[in-house]
Engineer: 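So that we are looking at the same thing, I have put the structure below in structure tokens.
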Amino acid sequence: MNSKKIPLPLMAAISLVTAAQATTASETSVTTLDQIVVTASRSESSVSNISGTVQVIGQQEIIQQSQPGQKLADVLEQVIPGFGPSTQTVTDRTQSLRGRKVLILIDGISQVENRQISRQLNSIRPENIERIEVISGASAIYGGGATGGIINVITRKPETDELQFASEAGFKVSGDELTTWTLNQNISGRSGAFDYLLSGTYESRGGIFDADGNRVNPDPSQVSRMDTDSKDALIKLGYDLTDQQRLEATLQFFDDQMDSDYAPDISSLPTGNIADSPAALKGLELENQPYSQRQSIDLVYKDDDFLGSNLQAQTYYREREARFFPYPNVIGANTFVNQSTSTAEVFGVKLNLDRSLNNQLRLSYGLDYDVDDGEQRGQLHDLANYIASGGRVIEPTGPEYEYGPDVETKTLGLYLQTSYDLTTQLTLNGGIRHERARLDISDHMPLAETWFMPEASRTPLEGAVRKYDDTLFNLGLVFRLNQSNELFTNYSQGFDVPDASRILRNTVSPASPLAANPILNGTNVSEANLDAIKTDSFELGWRGNFDNIIANVSVFYNESDKTIAFNADHNVDLLDQKRKVYGIEGAIEYFLNDYWYVGGTYAFTEGRSYYKEIGEWLDLQAADVSPEKFTTFVAYDQGDLNVRLQSMTFLDYDKGKKVNGSTVTDLEVDGYTTVDLLVSYDLPMGTLKAGITNLLNKDYETVYSQWARTTYSGISAHKAEGRAYNLSYRVEY
């Protein structure tokens, strides 16, 4: 393909360039598709050989986009065309990719447990990322969970052989207040065969203020990021046993603790206040405030010549714990306040071998095995004081109880991936994975009986064992029309074991006095619908690299015969319901000259589910498929100075439908456009970075907030952040 100069930072939405290949306009380095290597396909592959939409977000792009107080999901919202809008809260609940769930990996290790609390993108610091690889579309390459795609976060490594220090400090001003400040210290280097990297970050976040300067309402359903202190540490150690053999160890620690004096306005209970966003009320008295914690260790052995193959053997252990905000549940005439804490322990091993049999055929094969132990506990809080204080005084009463059954999940996967160059113009990719999973569901007390019945009258539910096995395939072609154009087509399958603890949370025995309650699932655990969801994904795309233009476009379609539904009573159901999602994504970047370049992305996603009870296909909600999305930018890069003006637009979404029995409700979402100005300047010592997010001070609610307004009785609705000013300074020495 034609070579060309590429300014830095190159737009991350273009699926062709990594930070390592991007250059400043004043340099003469060049890049081509064949040079760009990704590892998210389980072996090192050039983008030119991959039959699908693959995107590499380089370190410089991440640094440019990340601002003090932001989480990684805010960055990905801007740079991945088909990724859903950020929630501006702790959760990633409504951020889908191509209308399906995303599998989040760190260095190839899944960060998703069977009890899915959707906080992964809140607990990964941008300062510790070398690059991010994104594979769009259903995939079984890494096992279950990637029905929409894979986001593989590659953590940083030492960049020089000498001892190097890097220090960074930043702050944010929002609503005329200094709301956030961040400190990061990085130490890296090499001594003989030993290399190391130590990175620590502390961030303190205060209030979030809307476009009118008012403090934003806390989110009691999925937890806000305001009034929170975060501590993050990354330690990477490496030792070269020989020129071909290497040991690596990675330790990560993340701790996010809320300490807030503000409570959500509960005046909208129980009907929901649709007209206005609730206010933040000062005077919160809550001893057990929300938090998120994650600790992990990852050990890797690499051998570049193990019986003619590249070998990577990996073992890992992770603990995750998360506490929610106390939430007022309204069920019929009953109201009660519940707070829960979810924990998980995960142990696993991975074995991957990769070899080239000749100049045309490459094989990757191996196994994955992991054990995931999850549990969730709840506790009731004093209702009288809660109501009398307007939601400010929240005091626990009574002991903790089971918030759904404990679940142990064991998964084993065997896989084989191949890439074969049929000709110099045509590459065939194919693979097979056999997946086996076992869920051990514990005996447990029905949650509804814990809430509504005296202890002596309760009847425990007997647990069960659920086993799953399936064989999944992928097959694709890449056709190189010429040096500048490539066509690709791909078929792949994804597999997802359901979140059993969440689905069974409201289960009661048919013999229970509560079984007649329409919002409860009156069935034994062994009879509950806990089938796995299998997704078929199809894609056709084009990518091109010309003298002044880089572009790509793809159309996609995916389908499944089952779907997860979040119903009107806050229950999660697995339904024998067909779902289909389709759309188009594209990106373009045009280089006006050596200094100026412009570009943008476009993503359209639409989906429908078939409702047997009314015999109709109905459009999915905006919480399931992202509204139509545009991004545009204009950038100037002249060595030391980089300026970028960018916009992001989500259009109105008026197609969403919600079914409750035979009643169909329209769920409309108002669109919005935000504009950001990002500037960085290399000083004689260090780099100064400044940004203004929401430059035009747009007054809006995120898609998640508008969904939460109708889902959580209005109290979880909140305005988005207004204009904010960011400044940071980084120096390496």
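In this chain, residues are counted from 1 in sequence order.
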Engineer: Between S51 and N429, is the side chain to side chain donor-acceptor pair (under 3.5 Å) condition met? List the steps.
Structural biologist: CA-CA 7 Å; S51 51; N429 296 304; 3.2 Å; yes
Engineer: Mark yes or no for whether K689, through its side chain, and I63, through its backbone, hold a donor-acceptor pair below 3.5 Å.
Structural biologist: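 Here the side-chain-to-backbone pair exists.
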Engineer: Is a side-chain N or O of K350 found less than 3.5 angstrom from the main chain of Y316, in a donor-acceptor match?
Structural biologist: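 It does not hold such a pair.
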Engineer: Just checking, is any N or O donor in the side chain of Q185 or S167 under 3.5 Å from an acceptor N or O on the other one?
Structural biologist: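 S167 and Q185 do have a side-chain donor-acceptor pair below 3.5 Å.
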Engineer: Rounded to the nearest 0.5 Å, what separation is found between the CZ atom of R190 and the OH atom of Y239?
Structural biologist: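 These two atoms lie 10.5 Å from each other.
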Engineer: Mind checking side chain to side chain donor-acceptor pair (under 3.5 Å) for Q360 and listing every partner two or more places apart, or none if nothing turns up?
Structural biologist: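 None.
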Engineer: Donor-acceptor check, side chain of S501 to backbone of P405, threshold 3.5 angstrom: yes or no?
Structural biologist: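 Confirmed, S501 side chain pairs with P405 backbone.
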Engineer: Hey, is CG on N358 packed in by over 12 heavy atoms from elsewhere, all under 6.0 Å?
Structural biologist: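 Yes, enclosed.
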Engineer: Would you please say whether a donor-acceptor pair under 3.5 Å links the side chains of S419 and N49?
Structural biologist: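 Note: S419 and N49 side chains miss the donor-acceptor criterion.
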Engineer: What are the two closest non-hydrogen atoms of L307 and R355, and how far apart are they?
Structural biologist: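 Heavy atoms of L307 and R355 come nearest at O-NH1, 3.6 Å.
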Engineer: Grab the two heavy atoms, one from Q78 and one from Q65, that are nearest each other, plus how far apart they are.
Structural biologist: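 Smallest heavy-atom distance, with atoms named: CG-OE1, 3.5 Å.
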Engineer: Does the pair K302/D304 count as a salt bridge with the N-to-O cut at 4.0 Å?
Structural biologist: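 No, this pair does not count.
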Engineer: So, does D240 use its side chain to make a donor-acceptor pair with the main chain of D243 at under 3.5 Å?
Structural biologist: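 Looks like no, no N/O pair under 3.5 Å.
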Engineer: Could you walk me through whether E539 and T53 pass side chain to side chain donor-acceptor pair (under 3.5 Å), step by step?
Structural biologist: CA-CA 9 Å; E539 182 177 11; T53 299; 2.3 Å; yes
Engineer: Would you please say whether a donor-acceptor pair under 3.5 Å links the side chains of N642 and Q64?
Structural biologist: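 Per modelled atom types, N642 and Q64 side chains form a pair under 3.5 Å.
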Engineer: Establish, from distance only, whether the side-chain atoms of Q417 and N474 form a donor-acceptor pair under 3.5 Å.
Structural biologist: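 The criterion, which ignores hydrogens and geometry beyond distance, is satisfied for N474 and Q417.
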Engineer: Hey, can you tell me if W181 and Y202 have their rings parallel, tilted or perpendicular (30° and 60° cut-offs)?
Structural biologist: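 Correct class here is tilted.
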Engineer: Cut-off 3.5 Å, side chains only: do S554 and R543 have a donor facing an acceptor?
Structural biologist: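 No, no side-chain donor-acceptor pair sits under 3.5 Å.
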Engineer: Determine whether S123 and R320 make a side-chain contact, defined as any pair of heavy atoms from C-beta on separated by less than 4.5 Å.
Structural biologist: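 The answer is no, as the side chains (C-beta and beyond) never meet within the 4.5 Å cut-off.
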Engineer: Any side-chain to backbone donor/acceptor pair from E203 onto T180? Under 3.5 Å, distance only.
Structural biologist: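 Judged by distance alone, no pair lies under 3.5 Å.
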Engineer: Using the test ring pair (Phe, Tyr, Trp, His ring centres under 6.0 Å), find all partners of F473 that sit at least two apart in sequence or belong to another chain.
Structural biologist: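 With sequence neighbours excluded, F473 shows a ring pair (Phe, Tyr, Trp, His ring centres under 6.0 Å) to no residue whatsoever.
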Engineer: Indicate yes or no for a side-chain donor-acceptor contact from D372 to the backbone of N114 under 3.5 Å, with no hydrogens or angles considered.
Structural biologist: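 The answer is yes, because a donor-acceptor pair under 3.5 Å joins these two groups.
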Engineer: Would a 4.5 Å heavy-atom cut-off, applied to side chains only, mark Q493 and K534 as touching?
Structural biologist: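 Yes, close enough: below the 4.5 Å cut-off.
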Engineer: Which heavy atom of S139 sits nearest a heavy atom of I141, and at what distance?
Structural biologist: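 Of all heavy-atom pairs spanning S139 and I141, the closest is OG-N, 3.2 Å.
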Engineer: Out of the candidates V90, I104, T91, only one should pair with L121 under the side chain to side chain contact (heavy atoms under 4.5 Å, CB included) rule; please name it.
Structural biologist: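 One option only clears the test, and that one is I104.
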Engineer: Distance under 6.0 Å and angle within 45° of the ring axis: does R318 meet both against F254?
Structural biologist: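 So R318 doesn't make the cation-pi contact.
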Engineer: One thing to verify: whether D256 and R205 come together as a salt bridge, which I'm taking to mean a side-chain N less than 4.0 angstrom from a carboxylate O.
Structural biologist: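 Looking at D256 together with R205, the answer is yes, because their closest N to O distance falls below 4.0 Å.
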Engineer: Side chains of R100 and D496: closer than 4.5 Å at any heavy-atom pair?
Structural biologist: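 Counting from C-beta outward, R100 and D496 never come under 4.5 Å.
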Engineer: Taking all non-hydrogen atoms of both residues into account, name the closest pair between R98 and N558 and its distance.
Structural biologist: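 Taking every non-hydrogen atom into account, O-ND2, 3.3 Å.
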Engineer: Using a 3.5 Å distance criterion without hydrogens, assess whether the side chain of Q111 forms a donor-acceptor pair with backbone atoms of I109.
Structural biologist: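 Between the backbone of I109 and the side chain of Q111 there is a qualifying donor-acceptor contact (under 3.5 Å).
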Engineer: Check this for me: does any side-chain nitrogen of one of D682 and R730 sit under 4.0 Å from a carboxylate oxygen of the other?
Structural biologist: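 Here D682 does not pair with R730 in a salt bridge, since their nearest N and O are not under 4.0 Å apart.
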Engineer: Taking side chain to side chain donor-acceptor pair (under 3.5 Å) as the definition, give me every residue that meets it alongside D232, ordered by chain and number, with sequence neighbours left out.
Structural biologist: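 Applying side chain to side chain donor-acceptor pair (under 3.5 Å) to D232 gives N128.
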Engineer: In terms of side-chain heavy atoms, does S364 have a donor or acceptor partner in N352 at a distance below 3.5 Å?
Structural biologist: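 Judged by distance alone, the side chains do not pair up.
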Engineer: Backbone N or O of V102 within a donor-acceptor pair of the Q95 side chain at under 3.5 Å?
Structural biologist: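 Judged by distance alone, no pair lies under 3.5 Å.
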Engineer: Run the salt bridge (charged side-chain N to carboxylate O under 4.0 Å, His left out) check on R246 and D195 step by step: do they pass?
Structural biologist: CA-CA 11 Å; R246 177 174 171 82; D195 57 77; 2.9 Å; yes
Engineer: Side chains of Y415 and L472, heavy atoms from C-beta outward: is any pair under 4.5 Å?
Structural biologist: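 Not touching, per the 4.5 Å side-chain cut-off.
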Engineer: Among R294, K71, R225, which residue meets the side-chain hydrogen bond (donor to acceptor under 3.5 Å, both in side chains) test with N122?
Structural biologist: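 Result for side-chain hydrogen bond (donor to acceptor under 3.5 Å, both in side chains) with N122: R225.
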Engineer: Charged N to carboxylate O under 4.0 angstrom, R115 versus E113?
Structural biologist: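 Answer for the salt bridge query: no.
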Engineer: For R433, is there an ion pair with D368 - N to carboxylate O distance below 4.0 angstrom?
Structural biologist: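 So D368 pairs with R433 through a salt bridge.
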Engineer: Testing Q312, Q245, Q314 for side-chain hydrogen bond (donor to acceptor under 3.5 Å, both in side chains) with Y301, which one passes?
Structural biologist: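 Of all the options given, the one that passes is Q245.
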Engineer: Salt bridge or not between K157 and D107? Use side-chain N to carboxylate O under 4.0 Å.
Structural biologist: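 No salt bridge links K157 with D107.
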Engineer: So, N184 side chain and G200 main chain: donor-acceptor pair closer than 3.5 Å or not?
Structural biologist: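 Looks like yes, one N/O pair under 3.5 Å.
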Engineer: I need the minimum non-hydrogen distance between S342 and I117, along with the two atoms involved.
Structural biologist: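 Result for this residue pair: OG-CG2, 3.8 Å.
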Engineer: T343 and R377: side chain to side chain donor-acceptor pair (under 3.5 Å), yes or no, with the steps?
Structural biologist: CA-CA 9 Å; T343 62; R377 297 292 180 266; over 6 Å; no
Engineer: Taking it one step at a time, do K231 and D229 satisfy salt bridge (charged side-chain N to carboxylate O under 4.0 Å, His left out)?
Structural biologist: CA-CA 7 Å; K231 302 172 185 176; D229 292 339; over 6 Å; no
Engineer: Do T87 and T89 get their side chains close enough for a donor-acceptor pair, meaning under 3.5 Å?
Structural biologist: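 Yes, because at least one side-chain N or O of T87 sits under 3.5 Å from a partner of the opposite role on T89.
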Engineer: Taking side chain as C-beta onward, heavy atoms only, is S340 less than 4.5 Å from F324?
Structural biologist: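 In contact.
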Engineer: S136 side chain to G149 main-chain N or O, any donor-acceptor pair under 3.5 Å?
Structural biologist: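 Absent.
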Engineer: Using every non-hydrogen atom in the two residues, find where Q59 and E159 come nearest and quote the distance to one decimal.
Structural biologist: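 Nearest heavy atoms, Q59 then E159: OE1-OE2, 3.5 Å.
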Engineer: Side chains of E345 and Y317: is there a donor and an acceptor less than 3.5 Å apart?
Structural biologist: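 Per modelled atom types, E345 and Y317 side chains form a pair under 3.5 Å.
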Engineer: Quickly, which of H434, E435, R438 forms a side chain to side chain contact (heavy atoms under 4.5 Å, CB included) with D469? Name it, please.
Structural biologist: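 For D469, the side chain to side chain contact (heavy atoms under 4.5 Å, CB included) check succeeds only for H434.
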Engineer: Mind checking whether V134 and F83 have side chains closer than 4.5 Å, heavy atoms only?
Structural biologist: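 The answer is no, as the side chains (C-beta and beyond) never meet within the 4.5 Å cut-off.
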Engineer: Any side-chain heavy atom of I151 within less than 4.5 Å of one from I80?
Structural biologist: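 Side chain of I151 against side chain of I80, heavy atoms only: contact under 4.5 Å found.
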Engineer: Does either side chain, that of N152 or that of R131, offer a donor lying less than 3.5 Å from an acceptor on the other one?
Structural biologist: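 No.
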Engineer: Any chance you could measure L234, atom CG, to I124, atom CD1, to the nearest 0.5 Å?
Structural biologist: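 That separation rounds to 11.5 Å.
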